[in-house]
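Beneath this line is the structure, given in structure tokens, with notes to follow.
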Amino acid sequence: MPRVRWLPVLHALVCGAALALPAVHAQSWPNRPVRIVVPFPPGGGLDFFARAVSPRLQEALGQTLIIENRSGAGGMVGAESVARAAPDGHTVLFASSAEITINQHLYPKIAYDASRDFAPVSYAAHAAMMLSVHPSVPVKSLQELIALARARPGQLAYASPGSGGIQHLTGELFKALAKIDIVHVPYKGAGPAVIDMVGGHVAMGVTALPSSIQQARAGRLRPLAVTTRKRSAVAPELATFAEQGFPDLDLVVWYGVLLPAGTPADIVGRLSTEINRTVQSADVSAKLLQQGVESVGTTPEQFAKFIQSEIVRYGGIIKASGAKPD
């Protein structure tokens, strides 16, 4: 009988220990350097974003952050490496639209399930995209470019940071809406694409503002349109596609943070809180805004809902535009 009286006490102790486990996770994480995987090469918008936020985030987490550019297959190589990583919070994916919401509609097989293999953390920021031409191309407006493309079908090429990315999709959507024949040239990241655009090796390109706005301001590229419905607060001199007759071209490059599925919820929550504090801090948000990136910051639940809505949205856009991977 005495042992029976101890059962409620033992039960309470076990339950209390179980409830304390999340707090133990949060207090012990991170306990070693954190690897941030950027699934594109250095020099692009996502890489800029990761490097802009990492110093303050590193300070908040109290551990070294190691940025690893693991590019290939439209972001899928890096994304897969995180999906397969241990769910302990020490491998983080800084992601964009392509590898999470677009590629599944373009490729018959990908090595991960974007809806099941990740734990969304935060929709951290977004940036407009810009269609620009090399200064040697004899056009100064979107309508002039359309006229030139119709006069030279199949002769003008546009660069993007990679096949299947949102920049590629934007180019194909513009091509379909404008009824022009232009050729897609995919690069291994925004950095190499912009280098060839500036060098005149490709007539034009679709890139995120962070990777190309400085080249435009220096006169090495001639911007023709940005993809947001309203003009960018950072570059209000740039006209939108909507202003020039293409209201359906209202797209942004978003930057999100994800962890492997199965990561403890308290770690996901803490990383979300620290990411949001970082991007919304005065110095980091100002640095991002200078490059055309707007800070956002959401809860994991909000980001998960956003991802599902984007998967549906881009499925419709890809079907309508007829976009295909190169």
Side-chain angles (χ1 to χ4, degrees), residues 20-40 44-69 78-79 82 85 87-97 99-100 118-128 208-210 228 232-234 252-307 309-310:
L21 283 176
V24 171
H25 284 143
Q27 290 170 8
S28 63
W29 176 85
N31 54 31
R32 62 179 186 274
V34 176
R35 184 167 62 105
I36 293 178
V37 175
V38 176
F40 295 97
L46 184 57
D47 181 68
F48 159 78
F49 172 73
R51 295 178 191 279
V53 304
S54 60
R56 180 174 283 272
L57 183 61
Q58 177 172 282
E59 181 181 334
L61 295 179
Q63 278 288 349
T64 301
L65 301 185
I66 301 170
I67 296 178
E68 177 184 333
N69 293 90
V82 176
D88 58 11
H90 291 91
T91 304
V92 182
L93 178 66
F94 274 38
S96 65
S97 322
E99 61 274 22
I100 302 300
F118 299 101
V121 175
S122 175
Y123 174 167
H126 58 224
L209 281 182
T228 43
S232 166
V234 180
V252 295
V253 175
W254 55 260
Y255 304 135
V257 179
L258 302 100
L259 288 163
T263 301
D266 60 302
I267 293 178
V268 174
R270 185 184 169 202
L271 182 57
S272 180
T273 297
E274 298 299 350
I275 287 286
N276 296 345
R277 283 177 180 165
T278 296
V279 299
Q280 292 167 4
S281 64
D283 57 336
V284 174
S285 62
K287 184 176 183 179
L288 294 175
L289 202 56
Q290 285 178 348
Q291 297 295 328
V293 179
E294 296 182 47
S295 299
V296 184
T298 69
T299 66
E301 294 76 17
Q302 289 169 332
F303 189 28
K305 289 180 181 178
F306 172 78
I307 287 172
S309 68
E310 287 288 277

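Quick caveat: nothing in here was measured; it's all calculated off a predicted structure. One-based numbering along the sequence shown.
- For the residue pair Gln63 and Pro33, the shortest heavy atom distance occurs at OE1-N, 3.4 Å.
- For the residue pair Phe94 and Leu46, the shortest heavy atom distance occurs at O-CD2, 3.1 Å.
- Note that the CG atom of Leu289 and the CD atom of Glu294 stand 6.5 Å from one another [nearest 0.5 Å].
- Atom CD of residue Glu310 and atom CZ of residue Phe303 lie 9.5 Å apart, to the nearest 0.5 angstrom.
- A 4.5 Å side-chain heavy-atom check between Arg270 and Pro264 finds every atom pair outside the cut-off.
- Taking each heavy atom of Val268 and Pro120 in turn, the nearest pair found is CG1-O, 3.6 Å.
- Nearest heavy atom pair, residue Phe49 against residue Ala124, reads CZ-CB, 3.6 Å.
- Shown here is Gln280, whose CD atom has more than 12 heavy atoms of other residues, nucleotides or ligands within 6.0 Å.
- Counting all heavy atoms, side chain and backbone alike, Ser54 lies closest to Ile67 at OG-CD1, 3.8 Å.
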Given the rule in the side-chain contact (heavy atoms from CB on, under 4.5 Å) test, do Phe40 and Asp47 qualify, once you have shown the distances and angles that lead to the verdict?
CA-CA 7 Å; Phe40 295 97; Asp47 181 68; over 6 Å; no

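- Summarising the geometry, atom CD1 belonging to Ile267 is positioned 7.0 Å from atom CG belonging to Asp88; distances are rounded to the nearest 0.5 Å.
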Taking it one step at a time, do Leu209 and Gln291 satisfy side-chain contact (heavy atoms from CB on, under 4.5 Å)?
CA-CA 7 Å; Leu209 281 182; Gln291 297 295 328; over 6 Å; no

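- Ion pairing between Arg277 and Glu274 holds under the 4.0 Å rule for side-chain N and carboxylate O.
- Note that CG of Leu271 is 9.5 Å distant from OG1 of Thr263, once rounded to the nearest 0.5 Å.
- The main-chain N or O of Ala85 is never found under 3.5 Å from a side-chain atom of His90 such that the two would form a donor-acceptor pair.
- Using a 4.5 Å heavy-atom threshold, the side chains of Val34 and Ile66 count as separate.
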Leu93 vs Ile100, test: side-chain contact (heavy atoms from CB on, under 4.5 Å). Steps then yes/no.
CA-CA 11 Å; Leu93 178 66; Ile100 302 300; 4.2 Å; yes

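- Looking only at side-chain heavy atoms (C-beta outward), Val279 and Val296 stay at 4.5 Å or farther from each other.
- Listed for the Gln58 side chain is a donor-acceptor partner under 3.5 Å among the backbone atoms of Leu65.
- The CZ atom of Arg35 sits 4.5 Å away from atom OG1 of Thr91, with the distance rounded to the nearest 0.5 Å.
- Residues Leu288 and Ala52 approach most closely at CD2-CB, 3.8 Å, considering heavy atoms.
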Decide side-chain contact (heavy atoms from CB on, under 4.5 Å) for His126 and Val293; before the verdict, give the C-alpha distance in whole Å, the side-chain angles of both, and the deciding distance to 0.1 Å.
CA-CA 6 Å; His126 58 224; Val293 179; over 6 Å; no

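- Side chain of Ser272 to main chain of Thr298: a donor-acceptor pair is present (N/O by atom type, distance under 3.5 Å, no hydrogens or angles).
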